Amino acid sequence: MKVLVTGGAGYIGSHTCLALLAQGHEVVVFDNFSNSKPEVLRRLEQISGTAIACVEGDVCDHSALHQVFSAHNFDAVIHFAGLKAVGESTANPLKYYEVNVCGSRILTEVMLAHQVHCVVFSSSATVYGTPKSVPINESFALYPANPYGHTKAMVETILRDTAAAHTALSAVLLRYFNPAGAHPSGLIGEDPKGIPNNLMPFIAQVAVGKREHLAVFGDDYPTCDGTGVRDYIHVMDLAEGHVAALEQLSRQPGSHVYNLGTGCGYSVLQMLQAFEKACGKTIPYQVQARRDGDIAEYWADPGKAERELGWRAERDVAQMAADTWRWQSNNPEGF
Ligand code: WQD
């Protein structure tokens, strides 16, 4: 299949491009490089040995999208382009509604105008908010607790309603838990702008000496060791989950939603210990107050994706730590 990957130069988008190419699909990247760099494309070509077409553009730009759809006969779109910092979304919600919601609406309109009838959407477990219990399955009610989560839930609704109105459209909604890790080559990985919000990239930057210590946001949660527990999923497993969804559902109209997680929860301190083992160093940390909006624990019930997509995560936390360390130690300043 020929696939347009919006945000394809980003962390999950770039790894998904490799998984698509590995299965013989053709990829065109559409990215505005607001949270990524053109160097990523060069690394993807180095790893895959394949030239990758890339168009610099913004999903809010109607005419730029029409141009790229007119230039290529796409079979599907995988839509990653968007903003994803929870804290930033609280400080600047309108920017998030513009990019994440309006951008997705415009993309969907242009797709349909060009008779492209399959979209895989990068959603998030953040749509669940604080779950009534764990593990979380796809039937749980959605209670997003921040503007970022609200935008993801809104786009899910837009795609669900559009698939109901346009009976040829297949809309696949993938709810990620906590992506971590990097491609085993060490050539690509997570490279957040500024101070990392997420745990794994922050730990990695402490390990290479870019940050002094990790702040552990609370050790008084009702969990195994008092620190937050999450379902970390290797980014290559996540990428392969997108390919499985695309291949299973591209010709199944309607909307389909899946959790992409491992079904296992790990605490902050367990992740820190895994990383110390991978890098052979002690990672200094200081316990601080809980972070606003954090919850004690959540992890996925990944059974629906396993049953219906024939996909499940295969890589463990040790591999996430080892692959992250290889990426970060080879690229201490990122791309
Ligand atoms: C994980 C755990 C923190 C940083 C986020 C967002 C969203 C989503 C998934 C895309 C928590 C603790 C973290 C640090 C810490 N991505 N922590 N010190 O909050 O579970 O979810 O990632 O949809 O970005 O929802 O991930 O990595 O920020 O935190 O102690 O410096 O690590 O308290 O327990 P989170 P996270």
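Order of listing sets the numbers, starting from 1, for every ligand and every atom in it. Source: prediction; values computed, not measured. Sequence positions, counted from 1, serve as the residue numbers for this chain.
- Shown in contact with Val216 at under 4.0 Å from a heavy atom are these atoms of ligand 1, numbered in order with element: 30 (O).
- Among all non-hydrogen protein atoms, the one lying nearest atom 14 (C) of ligand 1 is Phe217 CE1, 3.3 Å.
- Within the structure, ligand 1 lacks Tyr221 among the residues with a heavy atom less than 4.0 angstrom away.
- Only the side chain of Tyr148 comes within 4.0 Å of ligand 1, judged by heavy-atom distances.
- Atom numbering of ligand 1 starts at 1 in the shown order; those under 4.0 Å from a heavy atom of Ser124 are 10 (C), 23 (O).
- Near Val86, meaning under 4.0 Å from one of its heavy atoms, ligand 1 places the atoms 6 (C), 25 (O).
- In summary, the atoms of ligand 1 found under 4.0 Å from a heavy atom of Tyr298, numbered by their order in the structure, are 20 (O), 21 (O).
- Residue-environment remark: OH (Tyr285) stays at or below the threshold of 12 foreign heavy atoms within 6.0 Å.
- Judged by a 6.0 Å distance limit and a 45° cone about the ring axis, Lys132 is positioned over the six-membered ring of Phe140.
- Contacts with ligand 1 closer than 4.0 Å are made by heavy atoms of both the backbone and the side chain of Leu199.
- Within the 4.5 Å cutoff, no side-chain heavy atoms of Asp61 are placed close to those of Leu65.
- Among protein heavy atoms, atom 34 (O) of ligand 1 sits closest to Gly228 CA, 3.5 Å.
- Cluster membership for Val99 and Val5, using ILVMFWY side-chain heavy atoms within less than 4.5 angstrom, is not shared.
- Of all atoms in ligand 1, listed by their number and element, those nearer than 4.0 Å to a heavy atom of Asn198 are 5 (C), 22 (O), 24 (O), 26 (O), 27 (O), 28 (O), 36 (P).
- A heavy-atom separation below 4.0 Å is found between Tyr232 and ligand 1.
- A salt bridge is absent between Asp75 and Lys2: the closest approach of a Lys/Arg side-chain nitrogen to an acidic carboxylate oxygen does not fall below 4.0 angstrom.
- Looking only at side-chain heavy atoms (C-beta outward), Phe69 and Phe74 come within less than 4.5 Å of each other.
- At a heavy-atom distance under 4.0 Å, only backbone atoms of Ala215 (N, CA, C or O) approach ligand 1.
- Proximity of Arg290 to ligand 1, defined as any heavy-atom pair under 4.0 Å, is not found for any part of the residue.
- At the top of the distance list for atom 29 (O) of ligand 1, counting protein heavy atoms only, stands Arg291 NH2, 3.3 Å.
- The contact set between ligand 1 and Lys84, taken as ligand atoms under 4.0 Å from a residue heavy atom, comprises 24 (O).
- Using a 4.0 Å cut-off between charged side-chain N and carboxylate O, Arg312 and Glu240 make no salt bridge.
- The nearest heavy-atom contact from the protein to atom 33 (O) of ligand 1 is Asp294 OD2, 2.6 Å.
- Contacts between Leu214 and ligand 1 below 4.0 angstrom, taking non-hydrogen atoms only, involve the side chain exclusively.
- Residues Val119 and Leu159 meet the side-chain proximity criterion, which asks for heavy atoms closer than 4.5 Å.
- The cationic group of Arg290 lies under 6.0 Å from the six-membered ring centre of Tyr221 and within 45° of the ring axis, placing it in a cation-pi geometry.
- Figure legend: cation-pi geometry between Lys304 and Tyr258, with NZ or CZ positioned under 6.0 Å from the six-membered ring centre and within 45° of its axis.
- In terms of polar-atom proximity, Asn178 is counted as a contact of ligand 1, with an N or O under 3.5 Å from an N or O of the ligand.
- In summary, the atoms of ligand 1 found under 4.0 Å from a heavy atom of Asn197, numbered by their order in the structure, are 4 (C), 28 (O).
- In this structure, His72 has its ring center at least 6.0 angstrom away from the ring center of Phe30.
- Using a 4.5 Å cut-off on side-chain heavy atoms (C-beta onward), Pro144 and Lys152 make no contact.
- Contact record, His234 with Ala182: CE1-O, 3.2 Å, taken as the closest heavy-atom pair.
- Of the protein's heavy atoms, Thr126 OG1, 3.2 Å lies nearest to atom 25 (O) of ligand 1.
- For atom 12 (C) of ligand 1, the closest non-hydrogen atom of the protein is Val268 CG2, 3.6 Å.
- In this structure, Lys84 pairs ionically with Glu190, as a charged nitrogen and a carboxylate oxygen lie closer than 4.0 Å.
- Scanning the protein for heavy atoms near atom 9 (C) of ligand 1, the closest one is Phe177 O, 3.9 Å.
- Arg230 NH2, 3.8 Å is the protein heavy atom nearest to atom 11 (C) of ligand 1.
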